[in-house]
Amino acid sequence: MQKLNLKTSRLIEFSAVRQERGNLFFGETEKHIPFDIKRFYLITHTPKGIRRGGHAHHKTEQILLCVSGEVTIHLDSGKDKESIVLSDPGTGIYLGPMLWHEMSDFKSGTVLAVLASMHYDEKDYIRNYEDFIQRFQKKVRGK
Ligand code: TYD
């Protein structure tokens, strides 16, 4: 299995029941999901060559889960960068706050599901990369 080394991110193994009649994956709060889910969204029908995301959140925590297909997730903590291919519905990626993330190379038919700890609020987004880096550096200096 792939590994993630960024501090504010980690892979989450969901429970799996694999049988001849098919696979069943499940996750529960506390056991697999470290927050109460306030929202979900799905990203589907992403055209070839499109890059999505390109932001960080002040507070929202999320879990990305590739229900079908394959997508590459690019993570940037402000200090370290890492990319990971997500294709197994039994594995999710936890994204903590203040983690710049982008998605690329969506294979045709990919369905990316996202579980979020907060309702949608544009004020929770940092959509400018320079702003993100400045905030990260300020946080590091403040420690
Ligand atoms: P956006 O955050 O730009 O998508 P991505 O970063 O994945 O490329 O969201 C696209 C639009 O959808 C934007 O107008 C905000 C809206 N939106 C909601 O209204 N609710 C949501 O939960 C999300 C994730 C987006």
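Ligands are counted one by one from 1 in listed order, and the atoms in each one are counted from 1 as well. Computed from heavy atoms alone, side chains included, the values below leave out hydrogens, waters and symmetry copies. Since this is a predicted model, take the numbers as computed values, not measurements.
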Do the non-hydrogen side-chain atoms of Q137 and R141 ever get within less than 4.5 Å of each other?
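Yes; the side chains approach each other to less than 4.5 Å.
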
Determine, step by step, whether H55 and H101 satisfy the ring pair (Phe, Tyr, Trp, His ring centres under 6.0 Å) criterion, reporting the C-alpha distance in whole Å, the side-chain angles of both residues, the deciding distance to 0.1 Å, and the verdict.
CA-CA 6 Å; H55 58 249; H101 51 281; 4.7 Å; yes

Salt bridge (Lys or Arg N to Asp or Glu O under 4.0 Å) partners for K48, two or more places apart
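Applying salt bridge (Lys or Arg N to Asp or Glu O under 4.0 Å) to K48 gives none.
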
Using the test salt bridge (Lys or Arg N to Asp or Glu O under 4.0 Å), find all partners of D80 that sit at least two apart in sequence or belong to another chain.
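Partners of D80 under the salt bridge (Lys or Arg N to Asp or Glu O under 4.0 Å) test: none.
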
Neighbouring residues of ligand 1, heavy-atom cut-off under 4.0 Å:
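Within 4.0 Å of ligand 1, the protein residues are R39, Y41, I43, R52, G53, H55, Y120, Y125, R127.
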
Just by distance, do the side chain of S9 and the backbone of Y94 share a donor-acceptor pair under 3.5 Å?
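Checking the backbone N and O of Y94 against the side chain of S9, a donor-acceptor pair under 3.5 Å is found.
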
Apart from Y125 itself, what residues make up its hydrophobic cluster when side-chain heavy atoms of I, L, V, M, F, W and Y under 4.5 Å apart count as a link, directly or indirectly?
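Y120, which link up through side-chain heavy atoms under 4.5 Å apart, make up the rest of the cluster.
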
